[in-house]
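Notes to accompany the following structure.
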Number of protein chains: 2
Amino acid sequence: MGRQNLLGSFEQMVLLAVRQVGEGAYAPAILERLQATMNRKVSRGAVYVTLDRLQQRGLLTSSSAPAEPGRGGRPRRHVQVTPEGIQQLEEVRAYLDSLWDGLDAVQED
Amino acid sequence: MGRQNLLGSFEQMVLLAVRQVGEGAYAPAILERLQATMNRKVSRGAVYVTLDRLQQRGLLTSSSAPAEPGRGGRPRRHVQVTPEGIQQLEEVRAYLDSLWDGLDAVQED
DNA sequence: GACCCATGTCGACAGTGTATGCATGGGGTG
DNA sequence: CACCCCATGCATACACTGTCGACATGGGTC
């Protein structure tokens with residue numbers, strides 16, 4: 001069983017975007033942040049599905065915000081990264097950092 | 001077609017491990033490096049398959065080394081990351097760095 | 001040549017990445 | 001207040017990645 005899975009690349013980015021957006025983080029805002037960073041289109045569905053899966057794994061929690069005033073729409077789903085989520089983010093980063101170590105200097109060839 | 005895919009987490013790690021091992025990089029050595037870094041078991045198959053896929057995408061090249069002396073075995077398959085591979089590694093890292101920006105400082109809450 | 005070890009390759013299946021399209025809930029407008 | 005519209009969210013589908021276990025191959029050793 002791969003129950004010790006690493007976060008995927010996109011999952012990491014979504015979690016990080018959630019943290020960056022902060023307080024009222026919800027899908028559309030996260031999406032925008034992602035697109036701005038990666039400089040390319042990201043589909044809404046991709047974000048929602050990833051958010052769902054992350055939540056099922058306990059890496060983030062969500063709460064339904066009581067509908068925004070102004071232009072209508074369904075109540076927003078606010079998400080927040082859990083400590084566990086933060087921990088996993090840091091874990092992957094540590095691995096990558098460790099593997100990058102020493103590689104920046106010598107750009108072979 | 002998702003032909004503009006990001007490197008997955010594991011793919012990144014494999015590519016980085018290849019670069020770290022350097023010259024005679026081949027699966028078992030890469031595997032060992034990976035396990036040491038992640039501090040957990042990684043199956044040999046996972047490494048080989050990933051190496052294959054990465055090669056098919058042109059992110060690394062391989063050459064069959066004329067069998068090692070000493071204790072027998074099949075000829076080793078030496079791999080090397082291509083410039084394109086390096087570029088993609090840097091791209092993902094840039095995105096992640098960008099998203100991490102500002103999150104280390106304030107761990108309030 | 002029987003056995004063993006180091007490598008490499010296959011095939012299968014779960015998990016992640018991504019897109020398209022449907023569902024829902026209010027706000028305007030006539 | 002019926003309808004259209006827009007902002008969100010959700011569901012489905014399918015390709016790509018992550019992982020494993022088992023099988024294949026090629027040389028040493030005895």
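In the text below, chain A, chain B and the rest are named by the order of the sequence lines, each starting its count at 1. These values consider heavy atoms only, across backbone and side chains, with no hydrogens, waters or symmetry-generated copies.
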When you check the side-chain N and O atoms of E11(B) and T50(B), is any donor under 3.5 Å from an acceptor?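 Absent: no donor and acceptor within the cut-off.
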Is the closest side-chain donor-acceptor distance between S9(B) and Q12(A) under 3.5 Å? yes
It should be established whether [X] places a side-chain nitrogen or oxygen under 4.0 Å from OP1 or OP2 of nucleotide [N].
| X | N | answer |
| --- | --- | --- |
| N5(A) | dT16(C) | yes |
| R77(B) | dG8(C) | no |
| R57(A) | dT16(C) | yes |
| Y48(B) | dG8(C) | yes |
| S43(B) | dC20(D) | yes |
| R76(B) | dT7(C) | yes |
| R40(B) | dT19(D) | yes |

Could you tell me how far apart [X] ([atom1]) and [N] ([atom2]) are, to the nearest whole angstrom?
| X | N | atom1 | atom2 | result |
| --- | --- | --- | --- | --- |
| Q88(A) | dG15(C) | CD | P | 14 Å |
| Y95(A) | dG18(D) | OH | P | 15 Å |
| D52(A) | dG17(C) | CG | C1' | 14 Å |
| L51(B) | dT19(D) | CG | P | 14 Å |
| L59(A) | dT16(C) | CG | P | 10 Å |
| L54(A) | dG9(D) | CG | C1' | 17 Å |

So for the helix from dG1(C)-dC30(D) to dG30(C)-dC1(D), with five pairs setting each end axis, what is the inter-axis angle to 10°? 10°
Using side-chain contact (heavy atoms from CB on, under 4.5 Å) as the criterion, list what pairs up with Q35(B), not counting sequence neighbours. L31(B), K41(B), V42(B)
Going by atom type alone, with no hydrogens or angles, which donor-acceptor pairs under 3.5 Å involve a side-chain atom of residues 93-100 of chain B and a protein atom two or more places apart or on another chain?
{"from": "R93(B)", "atom 1": "NH2", "to": "D104(A)", "atom 2": "OD1", "distance (Å)": "2.8"}
{"from": "Y95(B)", "atom 1": "OH", "to": "M38(A)", "atom 2": "O", "distance (Å)": "3.3"}

Which value, rounded to the nearest 0.5 Å, describes the distance between L51(B) atom CG and L60(B) atom CG? 5.5 Å
At less than 3.5 Å, do the side-chain atoms of R44(B) and the base atoms of dG21(D) form a donor-acceptor pair? no
Donor-acceptor pair, distance only, cut-off 3.5 Å: does the side chain of T82(B) make one with the backbone of G58(B)? yes
For DNA chain C, find the residues of residues 26-38 of chain B with a heavy-atom distance under 4.0 Å and give them by number; none if there aren't any.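 DNA chain C contact set from residues 26-38 of chain B: Y26(B), A27(B), P28(B).
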Between residues 7-17 of chain A and DNA chain C, which residues have a heavy-atom gap below 4.0 Å?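 Going residue by residue through residues 7-17 of chain A, the ones with a heavy atom under 4.0 Å of DNA chain C turn out to be G8(A), S9(A), F10(A), E11(A).
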Here the side-chain hydrogen bond (donor to acceptor under 3.5 Å, both in side chains) pairs for residues 20-30 of chain B, sequence neighbours left out, are Q20(B)-R33(B), Y26(B)-R76(B)
Under the salt bridge (Lys or Arg N to Asp or Glu O under 4.0 Å) criterion, do R77(B) and D52(B) qualify, and how do the steps go? CA-CA 11 Å; R77(B) 178 179 161 208; D52(B) 283 350; 3.0 Å; yes
Is the closest side-chain heavy-atom distance between V79(B) and T61(B) below 4.5 Å?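 V79(B) does not reach T61(B) side chain to side chain.
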